[in-house]
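Here the structure is laid out as structure tokens; the discussion comes afterwards.
Each chain gets a letter, A, B and so on, in the order its sequence line appears, and its residues count up from 1.
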Amino acid sequence: MKYDPQKIEPKWQAHWEKEFLFKAVEDPSREKYYLMEMFPYPSGKIHMGHVRNYTIGDVVARYKSMCGKSVLHPMGWDAFGMPAENAAIENNTHPEKWTYDNIKAMKTQLKRMGFSYDWDRELATCEPEYYRWEQLVFLKMYEKGLAYKKRTHVNWCEKCQSVLANEQVENGCCWRHTDNEVSIKEMDSWFLKITAYADEILEYCDKLPGWPERVLTMQKNWIGKSHGAVIRFPLVGSTDVIEVFTTRQDTLFGATFLCFAPEHPMVKEMVKGLPEEGKVLRFIEHTLKTETYLRTSDFTAKEGVFTGRYCVNPVTEEEIPIYVANFVLAEYGTGAIMAVPTHDQRDFEFAKEYGLPLRVVITPPDRLIREETMEEAYTDEGILVNSGPFNGQENLMALESIAEYLESKGMGRKTTNFRIRDWGISRQRYWGAPIPIIYCDGCGVVPVPAEDLPVVLPLDLDMRPNGGSPLPFEPSFYDTTCPQCGKKARRETDTMDTFMESSWYFDRYTCPDYDKGPLDIEKVDYWMPVDQYIGGIEHAILHLLYSRFYTRVLRDFGYLKVSEPFTNMLTQGMVCKETEECPEHGYLYPYEVLEGRCVKCGAEVITGNTVKMSKSKRNVVDPQDLIDRFGADTVRIFCLFASPPEKDLEWSDQGVEGSFRFLNRVWRLVVDNVEELTGVPVYKGEEALTRPLKSLHRKTHQTIKKVTRDIEDRFHFNTAISAVMELVNEVYQYLGSGDNGGDIGWRVVREAVESVVLLLSPVVPHVADELWSMLGHRQCLIQVSWPSYREDALEIENMLIVIQVNGKVRSKILVPASYSREDIQAEALADERVQRFVEGKTIKKVIVVPNKLVNVVV
RNA sequence: GCGAGAGUGGCGGAAUUGGUAGACGCGCUGGAUUUAGGAUCCAGUGGGGUAACCUGUAGGGGUUCGAGUCCCCUCUCUCGCACCA
């Protein structure tokens, strides 16, 4: 009988669908386990990035379920609508109308694409019931001051009718419409006060041992807590005071000018009517068009313009000029900085450019620096000079006392500052939960009363021709009456960021039918936190930070009890591939390229860098061909064998046949020996074994140990699979050796073969279940426990000792495992080859590493 | 630019705490088997050298009996940078 995946895969898929699929499983005989997606086997068309995602998540889920542990992996929460809306923006094609049928069709399509979707426990994030509770939580946040509205400056592309992130602006133009200059638009947006929880989230970073270190480091840097002071600079000719944040209050005596961010609200006010006004306004407009990271780059010229106004340095009482500068960011600190050109490189460059005065206030211990001869700022530690009462102190030691001094004189206060900004959740999109707010001319901002929730998306709308949100053009949606005064009012037409949905879906999954509030605290308390969360490394900051924030908000509202949503975290790398671009037709799919030329126009294709697969770059691979040829199991084992999951992978089909060959090898191992194997019971360690059998038995248990550790500790399926391959090779070697162990021999072989099937079952579920049933078992593998190894089976008789002379390997010897340190050393020095290298030299030292190695130093 | 990560044969990758570099697989070479094709099996495979041996983990320096692994510098690539989600 041949291994034919096309026959066995549908059979087992049907079986699982009937027995297990899409059911959360609770089994009192096991600790607790919970699988959001039981077997999302790759079938149908799948975007390549998701094969890896789903394969890994599914494999971990299967493994953990055999060990009795809970696991959750995200089920493509961003898949329910956003891709379609993005496609609409990019191509103006799909879909034409936002209708319920369309949305339903899209979901069906997604299911066909391999996004397993739990229809019985309807919980797509676009469902009205989900919106109801999300909107309720939002309103509660509004009530508590955790949600607020603020005016902001954003990059706006007319053609997309959408806001662009900084990185989406290329040379001042939109990334989708490279000919369209991006404009700066002022708009009102809703924000969530993630900063209120920044301290707690930061502190808990050190209490998450199950998270990858690099993710936590990135989050810590993102939050960016720093200690410093806010200093008040009175504005000359006014009662206004300018507040400045600094971490370097020790340099205050050297502050010789002050810079504002172009966005700072005080600037326009300050220059009104002055001769400088026109110049300042032009500079602001110009600067805002530059991408933020170019603005703050070390290589960008520091540009600025004098405002015509002065303020007073509170400690020196000098009047110092005020500038607007391109390198000052509105979002950080107070949006204004005190400039100390002698001790900050950016300030130094700026001062040189505009001829501003310098004053040294920190001097290095070993030399003198003078303003006239300085070529760069002095940013190291030193002794304070020109600093009034603080002269002679070490600058770092004086930080605290200067802050206290300022506080006592009313010139400022100590403070901590965070780099992280509040979370802007307003989106000018159709897809997303509407923000439940009504604007009334008389009453102002009025929240939608709880009993009127949910505010749902209207259906049967035409797509806007340019892709923007249709909601501001839909009177049936925005026309409403004020809940307070009853007069005509207008609904907020922005929707919420879909990161809102992804921030708590895992909580709602535990009680999707609950209708008395967002969450059934008993159920959430039983399941949460998630034992194992799996997601791409691209979510290391935003999604994972927002989830941690949202969980705390829900906790403080009494909806759940945990602070941290995910105990263990696996961030998988991305599947990458080089991009191909036609000068005429833009990015091309791989099948649109033939021999380096565009199939549409024949133009030579430009091969770009290897970047993560994405639909917008079209560097995606359709695994369907491979699945058709080799079956889903082969594609699964191949993907997992290619590299460890946290690493990025450059996609290549090369070697997929090797994986198919291996599965055939395992298949034949069972099929060719099925009678002998099923004729005997599994060896359980009762009888003494001959040498070759003992060695095979040992290998079996070594493999179980290794595979278990590789999966359990670090999800390194590639090494786990290679260990199983080694065991398979060893079984073949034993069978081919002609050693006739009789019944007992077959019993040991059966133990090895059954271990192979069990160890592979998370990776290749279809073929494993088929082989398992061939071996005479009734139970499906998902119900069988993970194998365990026995310590006594691992014992060895001999150990291999490597002998080095001066750190170079010169010989290897095999000694009994019972040998002591001294025995090993004596044996090593007596070795003939070692003798040769030692001859005529004096032995200085001999290092013996137990069970491993001897190094002779001569 | 800032933050994070990575760099090992022709290729994907392996190498607990510093202790045999290249496990496992692909590819390649030779052989066996087969009417042929496919499949399967056996042997070899970092580079140099007949060999002893030398050399080798992006490049340069350091610590150590011993460095792919630890420290410093340089280069290259990837991810994130807040409205792609």
Integer-rounded Å distance: B:G3 C1' and A:Arg419 CZ
7 Å
Passes salt bridge (charged side-chain N to carboxylate O under 4.0 Å, His left out), A:Lys220 versus A:Asp206? Steps please.
CA-CA 10 Å; A:Lys220 285 182 202 167; A:Asp206 296 325; 3.1 Å; yes
Given the P atoms of B:G80 and B:C70, what is the spacing between them in whole Å?
26 Å
Among B:C83, B:U78, B:A15, find the nucleotide with the atom closest to the side chain of A:Asp648.
B:U78
A:Asp422 and A:Lys193 ion-paired at < 4.0 Å:
no
Identify which nucleotide among B:C54, B:U20, B:C81 has an atom closest to any side-chain atom of A:Arg810, counting heavy atoms from C-beta outward.
B:C54
When both hydrogen-bonding distances must be under 3.5 Å and the geometry is Watson-Crick or G-U wobble, what is B:C79 paired with, if anything?
B:G3
Classify A:Ile721 by what it touches in the nucleic acid, base, sugar-phosphate, or nothing, heavy-atom distance under 4.0 Å.
nothing
Of the candidate nucleotides B:C24, B:C26, B:C83, which contains the atom at the shortest distance from the side chain of A:Arg427?
B:C83
Mind checking the P distance from B:C81 to B:G27? Whole angstroms is fine.
39 Å
Given B:C83, B:G12, B:G13, identify the nucleotide with an atom nearest to the side chain of A:Pro644.
B:G13
Using O4'-C1'-N9-C4 for purines and O4'-C1'-N1-C2 for pyrimidines, with syn meaning within 90° of 0, is B:G62 syn or anti?
anti
Considering only atom C1', compute the distance from B:C72 to B:U20 and round it to an integer number of Å.
29 Å
For B:U16, the Watson-Crick or wobble partner whose two distances fall under 3.5 Å:
none
Heavy-atom count around A:Glu832 CD within 6.0 Å, excluding the residue itself: above 12?
no
Could you check which of B:U20, B:A4, B:C24 has an atom nearest any side-chain atom of A:Lys812?
B:U20
Which nucleotide, B:C53, B:C41, B:G13, lies nearest any side-chain atom of A:Arg665?
B:C41
Choose from B:G19, B:C41, B:C83 the nucleotide whose nearest atom is closest to any side-chain atom of A:Arg668.
B:C41
Member of A:Val854, A:Asp831, A:Val802 meeting the side chain to side chain contact (heavy atoms under 4.5 Å, CB included) criterion with A:Ser811
A:Asp831
Need one value for A:Glu657: base, sugar-phosphate or nothing, where a base atom within 4.0 Å counts as base even if backbone is also close, heavy atoms only.
nothing
Between A:Arg836 and A:Trp423, whichever has its closest RNA chain B nucleotide further toward 5' is A:Arg836
It should be established whether A:Lys647 places a side-chain nitrogen or oxygen under 4.0 Å from OP1 or OP2 of nucleotide B:G13.
yes
If you look at every strand shown and take non-hydrogen atoms under 4.0 Å, does A:Val857 touch a base, only sugar-phosphate, or nothing?
sugar-phosphate
Given B:A15, B:G25, B:G19, identify the nucleotide with an atom nearest to the side chain of A:Arg714.
B:A15
Distance check, P atoms only: B:G68 and B:U78, in whole angstrom units.
28 Å
Expressed in whole Å, how much space separates the P atoms belonging to B:G38 and B:U29?
14 Å
Between P of B:U40 and NZ of A:Lys2, the distance in whole Å
11 Å
Please state the C1' separation for the pair B:U55 and B:A21 - nearest whole angstrom.
13 Å
Taking the side chain of A:Trp222 as heavy atoms from C-beta outward, which of B:A23, B:A82, B:G13 is closest to it?
B:A82
Side-chain donor or acceptor of A:Arg709 under 3.5 Å from a matching atom on the base of B:U16?
yes
So what does A:Asn664 hit on the nucleic acid, given a heavy-atom distance under 4.0 Å: a base, only sugar-phosphate, or nothing?
nothing
Might you point out which heavy atoms bring A:Val215 and A:Ala540 nearest each other, and give the distance in Å?
CG1-O, 3.6 Å
Find which nucleotide of RNA chain B each of A:Ser659 and A:Arg833 is nearest to by heavy atoms, and output the residue with the more 5' nucleotide.
A:Ser659
Test item: A:Asp710 side-chain N/O and A:Phe717 main-chain N/O as donor-acceptor pair under 3.5 Å
no
If we take the C1' atom in both B:A6 and B:C54, what is their distance in whole Å?
31 Å
Where the side chain of A:Arg421 is defined as all heavy atoms beyond and including C-beta, which of B:A82, B:G27, B:G25 is the nearest nucleotide?
B:A82
Would you say the side chain of A:Lys852 and the base of B:U17 hold a donor-acceptor pair, judged only by whether the two atoms sit under 3.5 Å apart?
yes
Over all strands shown, is A:Val809 touching base, sugar-phosphate only, or nothing at heavy-atom distances under 4.0 angstrom?
sugar-phosphate
Applying the 3.5 Å cut-off to both distances, the Watson-Crick or G-U partner of B:A52 turns out to be none
What does A:Tyr732 touch in the nucleic acid at a heavy-atom separation under 4.0 angstrom: a base, only the sugar-phosphate, or nothing?
nothing
Can you measure A:Leu814 atom CG to B:U20 atom C1' for me and round it to whole angstrom units?
14 Å
Which is true for A:Asn855 with a 4.0 Å heavy-atom rule: it touches a base, it touches only sugar-phosphate, or it touches nothing?
base
If pairing requires Watson-Crick or G-U wobble contacts with both distances under 3.5 Å, which nucleotide is the partner of B:A23?
none
For A:Glu646, which of A:Gln572, A:His716, A:Arg714 qualifies under side-chain hydrogen bond (donor to acceptor under 3.5 Å, both in side chains)?
A:His716
Tell me: CE of A:Met500 to P of B:C83, nearest whole Å?
13 Å
Nucleotide paired to B:U69 in any strand shown, Watson-Crick or G-U, under 3.5 Å
none
Under a 3.5 Å limit on both distances, the Watson-Crick or wobble mate of B:U29 is B:A43
Basic-acidic side-chain contact under 4.0 Å: A:Asp4, A:Lys2
no
For atom CG of A:Leu329 and atom C1' of B:C2, their distance in whole Å
11 Å
Just the rounded figure in Å: distance from C1' of B:A39 to CZ of A:Phe662.
18 Å
Side chains of A:Lys812 and A:Ile801: does their closest heavy-atom pair fall under 4.5 Å?
no
Using the C1' atom in both, what is the distance from B:G61 to B:A67, to the nearest Å?
14 Å
